[in-house]
There are 2 protein chains.
Amino acid sequence: MESTEIIKNAGLKITPQRKVVYEVMMELRHAAIDEIIKCVQSKDNEITISTIYRILDSFCKANLLSFVFHHEVGKSYYDITVTEHHHIFEGESILDYMDEGLTELIRQYLKEKNFASVDISRIQVQITINNLKLNSKK
Amino acid sequence: MESTEIIKNAGLKITPQRKVVYEVMMELRHAAIDEIIKCVQSKDNEITISTIYRILDSFCKANLLSFVFHHEVGKSYYDITVTEHHHIFEGESILDYMDEGLTELIRQYLKEKNFASVDISRIQVQITINNLKLNSKK
DNA sequence: GTGTCTGCAAAGAATTTGCAAAGAC
DNA sequence: GTCTTTGCAAATTCTTTGCAGACAC
């Protein structure tokens with residue numbers, strides 16, 4: 001889907017600035033504010049920092065972006081993935097890790113422990129790894 | 001163990017300011033910087049903000065404190081618990097959730113999936129809940 | 001046309017730094 | 001006595017705000 005569509009569907013008006021910001025996020029997937037600013041301004045350096053802040057803010061409120069805190073690096077990253085998912089931290093970078101099976105496993109486990117009557121709205125696993133050598137075998 | 005001991009064992013020198021900060025953290029368990037400052041200065045208002053920042057920083061480096069980002073509230077909390085553990089977010093508050101069984105379950109699960117050859121250094125689950133009604137039964 | 005969004009410049013908040021005096025060991 | 005830590009004040013960095021003009025619909 002195209003950025004224009006996505007922004008419109010989220011109930012926001014289309015502006016060139018919003019399109020640039022969204023497209024940058026589609027490229028970067030995860031990025032801290034300083035990277036986003038650099039990247040946006042490299043595409044259109046008329047867009048000011050305050051505008052970028054405001055746009056990111058409105059995107060978060062409209063649920064177009066989410067937020068991850070990178071534990072090791074100590075700063076927050078915007079994330080283009082808004083559906084429930086997990087994260088892998090490796091050095092400075094963040095990878096999305098989509099795994100409903102894992103979420104369900106944890107949910108079941110918790111239900112059988114002390115959480116039977118608790119309304120769990122979100123489960124997020126943060127996996128910190130040292131060297132990335134993901135096996136290709138499923 | 002007493003705060004003096006703990007600070008010394010971490011390889012830091014004892015100062016009255018460090019003792020106050022550590023004792024405040026023993027009380028608060030989890031707290032954002034503004035709460036810590038307020039609480040420290042209520043015990044000794046000669047301790048300046050810059051000192052508090054420096055102390056928290058040195059405590060983190062010495063592994064006396066850890067750091068949690070509260071997703072819902074959007075700010076970071078210092079945490080007196082440094083051993084591997086999980087977190088429960090409920091409204092504005094953070095609860096520690098120690099559960100080695102859960103960690104091990106996830107570790108096993110990941111090992112059997114794509115992570116066989118990956119060196120996982122840390123697994124942290126963040127559970128966001130709506131109403132806290134923890135069952136007392138084990 | 002109406003209401004929202006942007007750029008600008010300035011304000012405000014949060015955090016860090018340099019330095020001299022005080023303190024820990 | 002030596003090296004580290006603290007308080008102070010100022011600097012820096014990060015983020016938000018108010019306003020007038022521009023733009024989306």
Side-chain angles (χ1 to χ4, degrees), chain A residues 2-25 31-70 73-78, chain B residues 2-25 31-70 73-78:
Chain A
E2 228 218 295
S3 63
T4 312
E5 296 259 333
I6 298 172
I7 297 168
K8 195 183 294 182
N9 288 349
L12 298 176
K13 295 191 174 156
I14 314 301
T15 68
Q17 293 86 345
R18 283 178 176 169
K19 281 178 65 173
V20 173
V21 172
Y22 196 80
E23 279 155 19
V24 161
M25 285 307 300
I33 185 93
D34 50 334
E35 301 169 68
I36 298 173
I37 290 171
K38 212 188 309 170
C39 198
V40 167
Q41 293 192 330
S42 77
K43 306 214 168 188
D44 179 349
N45 78 337
E46 310 265 278
I47 303 178
T48 60
I49 290 175
S50 63
T51 300
I52 297 171
Y53 273 105
R54 279 186 282 213
I55 289 174
L56 290 172
D57 199 46
S58 61
F59 281 3
C60 284
K61 283 188 181 127
N63 209 37
L64 285 180
L65 295 177
S66 65
F67 221 53
V68 210
F69 183 72
H70 190 135
V73 180
K75 56 184 182 178
S76 295
Y77 287 64
Y78 290 88
Chain B
E2 227 218 296
S3 63
T4 312
E5 296 259 332
I6 297 173
I7 297 168
K8 195 182 293 181
N9 288 349
L12 298 176
K13 296 194 171 150
I14 313 301
T15 69
Q17 294 85 345
R18 284 178 175 167
K19 282 178 64 174
V20 173
V21 171
Y22 195 80
E23 280 155 18
V24 161
M25 285 307 299
I33 186 93
D34 50 333
E35 300 169 68
I36 299 172
I37 290 171
K38 212 188 309 171
C39 197
V40 167
Q41 293 191 331
S42 77
K43 304 214 168 187
D44 179 348
N45 77 337
E46 309 265 279
I47 304 177
T48 59
I49 290 175
S50 64
T51 300
I52 297 171
Y53 273 105
R54 280 186 281 214
I55 289 174
L56 289 172
D57 199 47
S58 61
F59 281 3
C60 283
K61 284 189 181 126
N63 208 37
L64 284 180
L65 294 177
S66 64
F67 220 54
V68 210
F69 182 73
H70 190 135
V73 179
K75 56 184 183 179
S76 295
Y77 287 65
Y78 291 88

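Letters A, B, ... are given to chains in the order of the sequence lines, protein chains preceding strands, and every chain is numbered from 1. Basis for what follows: all heavy atoms, side chains included, without hydrogens, waters or symmetry-related copies.
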Using atom [atom1] of [X] as one end and atom [atom2] of [N] as the other, report the distance to the nearest whole Å.
| X | N | atom1 | atom2 | result |
| --- | --- | --- | --- | --- |
| A:Ile55 | D:dT16 | CD1 | C1' | 15 Å |
| B:Asp57 | D:dT5 | CG | C1' | 14 Å |
| B:Asp44 | D:dT6 | CG | P | 12 Å |
| B:Tyr53 | D:dC14 | OH | P | 14 Å |
| B:Ile14 | D:dT6 | CD1 | P | 11 Å |
| A:Glu46 | D:dA22 | CD | P | 14 Å |
| A:Lys19 | D:dA24 | NZ | C1' | 13 Å |
| A:Arg18 | D:dC25 | CZ | C1' | 13 Å |

Aromatic plane relationship, B:Phe59 with B:Tyr22 - under 30° parallel, 30 to 60° tilted, over 60° perpendicular: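 Geometry flag for B:Phe59 against B:Tyr22: perpendicular rings.
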
Would a 4.5 Å heavy-atom cut-off, applied to side chains only, mark [X] and [Y] as touching?
| X | Y | answer |
| --- | --- | --- |
| A:Arg18 | A:Lys13 | yes |
| B:Asp34 | B:Lys38 | no |
| B:Tyr53 | B:Ile49 | yes |
| B:Leu64 | B:Leu12 | yes |

Comparing B:Lys13 and B:Ser50 on DNA chain C - which has the more 5′ nearest nucleotide: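 Mapping each residue to its closest nucleotide by heavy atoms, the 5'-most match is B:Ser50.
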
What pair of heavy atoms forms the shortest contact from [X] to [Y], and how long is it?
| X | Y | value |
| --- | --- | --- |
| B:Ile52 | B:Ile37 | CD1-CA, 4.0 Å |
| A:Ile14 | A:Lys8 | CD1-N, 3.7 Å |
| A:Ala31 | A:Met25 | N-CE, 4.4 Å |

Expected rows: protein N/O vs nucleotides 11-13 of chain D N/O, under 3.5 Å:
none

5′-ward residue of the pair A:Ile49/A:Arg54 relative to DNA chain D: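 Result of the comparison: A:Ile49.
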
Aromatic ring proximity A:Tyr78/A:Phe67, centre distance under 6.0 Å: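 Yes, close enough.
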
More than 12 heavy atoms of other groups within 6.0 Å of B:Glu35 CD: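 Yes.
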
Angle of first-five versus last-five pair axes in the helix from C:dG1-D:dC25 to C:dC25-D:dG1, to 10 degrees: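 End axes: 50° apart.
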
Expected output: side-chain B:Gln41 to main-chain B:Thr48 donor-acceptor under 3.5 Å: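 Flag not set: sc B:Gln41 to bb B:Thr48 has no pair under 3.5 Å.
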
Boundaries of the DNA chain C segment in contact with chain B, non-hydrogen, under 4.0 Å: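 Listing 5' to 3', DNA chain C meets chain B from C:dA14 to C:dC25.
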
